[in-house]
> 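Let me begin by handing over the structure; questions about it come next.
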2 protein chains.
Amino acid sequence: MTRKPSKTAVPSAIRAGAKGPVPARSDEVPASNRATRAAERRAAIVEAAMDEFIARGFAATRLDDIAKRAGVAKGTIYLHFKDKESMFEELVRTVIVPVVTRLTTLPPPTGTVRELVETFAGNFLKEVIGTRRGDLVRLIVAEGPRFPSVADFYYREVVSRGIAAMRALIELGIARGEIREKDLARYPQILVAPAMIAVIWQSLFARHAPLDAQEMLRVHLDLIFGERRTT
Amino acid sequence: MTRKPSKTAVPSAIRAGAKGPVPARSDEVPASNRATRAAERRAAIVEAAMDEFIARGFAATRLDDIAKRAGVAKGTIYLHFKDKESMFEELVRTVIVPVVTRLTTLPPPTGTVRELVETFAGNFLKEVIGTRRGDLVRLIVAEGPRFPSVADFYYREVVSRGIAAMRALIELGIARGEIREKDLARYPQILVAPAMIAVIWQSLFARHAPLDAQEMLRVHLDLIFGERRTT
DNA sequence: TGACTATGACTGACCAGTCAGTCATATATT
DNA sequence: AATATATGACTGACTGGTCAGTCATAGTCA
């Protein structure tokens with residue numbers, strides 16, 4: 001059957017002579033070729049989807065809103081993603097991977113263990129705490145139970161690696177005599193716990209009581225490495 | 001006594017909070033009087049709603065399912081709650097309050113500060129970590145941003161009180177010389193961070209890697225109070 | 001009996017996912 | 001180079017299903 005144009009009014013799509021075919025997008029970039037345009041669109045969708053999912057959660061997010069925000073028609077989303085669920089899953093992967101890569105790109109192993117940990121904490125502070133990526137972490141905590149594949153992915157790619165890296169640092173610290181508490185190596189979670197709390201705090205309670213995450217992390221490191229003799 | 005039907009149910013006769021040990025054995029009952037029956041129904045709805053909300057999140061939870069699980073008709077829910085949102089909000093209050101009350105009922109201030117903190121941690125471990133209440137905390141983290149009133153309530157009734165209580169303990173510990181890190185009093189979050197992480201871990205990653213929360217908390221306290229032989 | 005409480009069929013809004021049709025761009029032909 | 005044809009990215013009206021909230025009716029207790 002033909003897509004009957006509509007019984008009344010002129011078919012919107014046939015505005016003869018209309019020039020701007022896609023006026024929605026804010027930045028009018030005349031993408032060179034198709035492949036590039038497609039990649040840009042996909043990126044725009046991911047971007048928009050992240051904002052919407054963070055703001056409303058998975059179930060309450062409307063694909064219409066994502067499409068609108070991305071400056072794309074709803075159908076276009078389905079050219080890039082199978083459905084809402086797999087869009088969410090791919091989104092998490094797409095956003096998380098680069099962050100992990102960047103954070104695990106350790107600096108040259110020079111200096112004390114404390115300095116290594118401080119560098120890591122500094123990066124985490126800058127890249128995650130209080131940023132949209134931090135909100136994404138909160139989102140994963142929120143939706144994880146309903147998306148086993150996301151939880152699995154997150155555990156495998158982020159948590160287990162992070163724990164292993166922290167454990168290695170702790171063991172190095174113990175070996176060098178910088179850390180006294182030997183059992184800490186059994187629970188690297190303790191090392192990162194305040195950082196995670198900071199992420200959640202910024203999302204939920206920043207408006208009630210601002211938290212100086214940097215200073216809190218410093219105090220925590222003092223607790224683990226012993227008071228610091230300032231720089 | 002005139003039961004004010006008003007628009008929203010009055011949270012008065014809600015003694016049957018969680019597991020009512022009082023009601024006679026078995027179930028299905030002698031339903032003495034109307035007020036009692038009403039309270040029981042309300043409790044059943046709250047119970048069912050908590051399970052559903054924890055399992056599916058706010059938006060994805062169907063009132064039909066809550067009604068079915070609670071053994072009542074959907075319309076009955078509306079005799080007790082104005083709508084889905086206020087049901088969620090009241091649910092959080094109803095469930096959280098008793099827990100906070102129980103946890104803040106401190107033991108006699110005898111013994112060391114470490115013992116006080118250990119008692120608190122032990123209660124928290126038993127009452128929250130790995131239980132449905134822990135899942136509720138995760139749920140609040142998840143839905144908080146979309147329910148400012150819930151986040152406000154939680155901050156006011158739980159977080160700020162908990163932080164204040166922890167700060168008092170830390171200051172006492174510092175005064176008595178049990179805690180060396182003086183700056184800790186500025187960030188009581190550090191004291192509870194591992195406990196919160198344990199809550200989240202049990203919800204999300206217990207399947208991948210079981211976590212001995214009790215032992216982790218012990219190590220953390222060793223870190224704060226200094227080594228100490230355990231039982 | 002009369003007031004109060006419970007029920008569940010029903011309604012209307014809402015939304016994920018579809019697909020016939022369009023048109024800018026790429027490729028083939030002259 | 002200019003023109004013709006092919007491709008597939010893109011659109012958005014539409015469908016089918018879902019679900020929060022309602023209310024006429026039935027049931028229960030005092």
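Numbers restart at 1 for each chain; the letters A, B, ... are given by sequence-line order, proteins then strands. We use all heavy atoms of the structure for the numbers below, so side chains are in, but hydrogens, waters and symmetry mates are not.
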> Please name all residues satisfying ring-ring contact (aromatic ring centres under 6.0 Å, His included) with A/Phe58, sequence neighbours left out, ordered by chain then number.
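Result, ring-ring contact (aromatic ring centres under 6.0 Å, His included) vs A/Phe58: A/Phe53, A/Phe88, A/Phe147.
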> Would you mind building the protein contact string for nucleotides 12-17 of chain C? One character per nucleotide, 5' to 3', B for base within reach (heavy atoms under 4.0 Å), S for sugar-phosphate only, - for untouched.
---SBB
> I need the CZ-P distance between A/Arg42 and D/dA9, as an integer number of Å.
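Going from CZ in A/Arg42 over to P in D/dA9 covers 14 Å.
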> Roughly how many Å is it from CG in B/Asp65 to C1' in D/dT18, rounded to a whole number?
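Those two atoms, CG and C1', are 12 Å apart.
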> Check residues 204-213 of chain B and write down every donor-acceptor pair under 3.5 Å in which the side-chain atom is one partner and the other belongs to a residue at least two apart or another chain.
unit_1	atom_1	unit_2	atom_2	d
B/Arg207	NH2	A/Asp152	OD1	3.3
B/His208	NE2	A/Asp152	OD1	2.6
B/Asp212	OD1	B/Gln214	N	3.3
B/Asp212	OD1	B/Glu215	N	3.0

> Send over the distance from A/Leu79 CG to D/dG12 P, rounded to a whole Å.
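Checked: the CG to P distance equals 13 Å.
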> Give the rounded distance in Å between these two atoms: CD1 of B/Ile45 and P of C/dT5.
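That distance rounds to 14 Å.
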> Taking only distance into account, with no hydrogens and no angle test, what donor-acceptor pairs under 3.5 Å do side-chain atoms of residues 190-197 of chain A form with protein atoms, sequence neighbours excluded?
none

> For a quick test of reading the model: is some side-chain N or O of A/Arg41 closer than 4.0 Å to OP1 or OP2 of D/dT11?
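Answer yes for this pair, as a side-chain N or O of A/Arg41 is under 4.0 Å from OP1 or OP2.
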> Can you list every pair that meets salt bridge (charged side-chain N to carboxylate O under 4.0 Å, His left out) and has a residue in residues 54-64 of chain A, with sequence neighbours left out?
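Pairs touching residues 54-64 of chain A that pass the test: A/Glu52-A/Arg56, A/Arg62-A/Asp65, A/Asp64-A/Lys74.
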> Under the side-chain hydrogen bond (donor to acceptor under 3.5 Å, both in side chains) rule, collect the residues that match up with B/Arg146, sequence neighbours excluded.
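Expected list: B/Glu143.
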> What's the spacing between A/Tyr187 OH and A/Ile170 CD1 if we round to 0.5 Å?
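Taking OH in A/Tyr187 and CD1 in A/Ile170, the distance rounds to 12.5 Å.
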